[in-house]
Amino acid sequence: MKKLSLIFLAVSVIVFASCKDKKQKEAEKDFNYASVEIPAFNADSAFAYVKNQCDFGPRVPESKAHKACGDYLVSFFKQYADTVIEQNFTSKLYNGKEVKGRNIIVSFNLASTDRALFSAHWDSRAWADNDADEKNHKTPIIGANDGASGVGVLMEIARCLKAKPTSVGVDIVLFDVEDQGCPEWDKTDIEDQSDWCLGSQYWAKNLHIPFYQAKYGILLDMVGYSNPLFVKESQSMYYAPSIMNKVWQIAKDKGYGNMFSDEQIGGVMDDHIWVNKDAKIPMIDIVQHDPTGSFFPYWHTVKDDITCISKNTLKAVGDVCLVAIYSAS
Ligand code: AHN
Ligand code: ZN
């Protein structure tokens, strides 16, 4: 009897060990990036791309700077990608005024059905309504961090994708008219916050390719401020927990655990909401939003200019995205 239970114990240990081994192997399949060669994300280039956008001035929809920056982005991405599609649309602002927008859709390796989606918004807000000085409340913002930072990281990623093509397909969708939600000084109350993210709302309901799908999506918003805290935004955790956990794990493995915190916070109305809801693509938002509920200190102020931008932060976010892309290739 004693012998039998010993055998039983030994068998259980072996079975348990092999199960663990299998699980470990499956996990490693997701995280096999130790063995893949990942292009180096150049933070100087990313910084220059952020600055180039800022140099146009505020990119408020229908302004001259907006048009010029849009043209710059289209011709930039054409150098690196297989296709660049412009999706023009008309949307209604919080006050009922119609505004023309332009989503920019950049694709790599169109033949692949296994796709990853990366996004950021490329417009900048028409009003610095959160500025400490009331005189600035109707001044358009440069949006170096709020807008240009995410786009700049994706521009550098495009350069990497051209240098080392992937077997998976990658799409970069730059949303327009994200940041023109009702200003603080206006009394109109849009309870459901549907006055934000008009470009992503349009795209998610009018996909550039019918039935377009991606395995996962990552939205970058305000990814350039120094010493940021990226917490696990709760809507991302609701719609795409495994992606968020994987991305945060990559960040820790790469030594960026100080920027990527496991703390979970209340949801942010951002482009990922519509991509999840309407396009049904599981997308997370990497957005600086600390546990007290505030964005970076110069959010929606005239001080959101290039001096807000830290190369270290761009590098951290860029590295993490590249690992996500190349580890799945
Ligand atoms: C709101 O403030 C409602 N949403 C944040 C979305 C945003 C604004 N991202 C950048 N600017
Ligand atoms: Zn904003």
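Side-chain atoms are counted along with the backbone in the values below, which use heavy atoms only and exclude waters and symmetry mates. Counting starts at 1 for both ligands and their atoms, following the listed order.
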SB check [X] [Y] (cutoff 4.0 Å):
{"X": "Lys205", "Y": "Asp278", "value": "yes"}
{"X": "Asp262", "Y": "Lys252", "value": "yes"}
{"X": "Asp146", "Y": "Arg125", "value": "no"}
{"X": "Arg102", "Y": "Asp71", "value": "yes"}

So which protein heavy atom does [atom] come closest to, and at what separation?
{"atom": "atom 9 (N) of ligand 1", "value": "Asp221 OD2, 2.7 Å"}
{"atom": "atom 2 (O) of ligand 1", "value": "Trp299 CZ2, 3.6 Å"}
{"atom": "atom 8 (C) of ligand 1", "value": "Asp179 OD1, 3.1 Å"}

Answer with side chain, backbone, both or neither: which part of Glu178 has a heavy atom less than 4.0 angstrom from an atom of ligand 1?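 It is the side chain that gets close, since no backbone atom is under 4.0 Å.
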Sidechain-backbone polar pair: Arg115 side chain, Ser112 backbone, donor-acceptor under 3.5 Å: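 Answer holds: yes.
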Distance filter under 4.0 Å to [X] heavy atoms, resulting ligand 1 atoms:
{"X": "Met222", "result": "9 (N), 10 (C)"}
{"X": "Gln193", "result": "3 (C)"}
{"X": "Asp146", "result": "10 (C), 11 (N)"}

Taking both backbone and side chain into account, is any N, O or S atom of Glu178 nearer than 2.8 Å to the Zn ion (ligand 2)?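 It does not: Glu178 brings no N, O or S atom closer than 2.8 Å to the Zn ion (ligand 2).
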Could you confirm whether Asp146 has any N/O/S atom lying under 2.8 Å from the Zn ion (ligand 2)?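 Coordinating: yes.
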List the steps and the verdict of side chain to side chain contact (heavy atoms under 4.5 Å, CB included) for Ile105 and Trp203. CA-CA 10 Å; Ile105 301 143; Trp203 179 80; 4.0 Å; yes
The Zn ion (ligand 2) is nearest to which N, O or S atom of Asp179?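 Going through the N, O and S atoms of Asp179 one by one, OD2 ends up nearest to the Zn ion (ligand 2).
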Could an N or O of ligand 1 be found under 3.5 Å from any N or O of [X], whether backbone or side chain?
{"X": "His121", "result": "no"}
{"X": "Trp196", "result": "no"}
{"X": "Met269", "result": "yes"}

May I ask you to establish whether Lys311 and Phe47 are in a cation-pi arrangement, using a distance under 6.0 Å from NZ or CZ to the six-membered ring centre and at most 45° from the ring axis?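 Satisfied, under 6.0 Å and within 45°.
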One pair to check against side-chain hydrogen bond (donor to acceptor under 3.5 Å, both in side chains): Asn103 and Tyr202. What are the steps and the verdict? CA-CA 9 Å; Asn103 292 328; Tyr202 184 85; over 6 Å; no
Count the heavy atoms belonging to other residues, nucleotides or ligands that lie under 6.0 Å from NZ of Lys164, then report whether that count exceeds 12.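 Yes, NZ of Lys164 has more than 12 neighbouring heavy atoms, counting only those of other groups under 6.0 Å.
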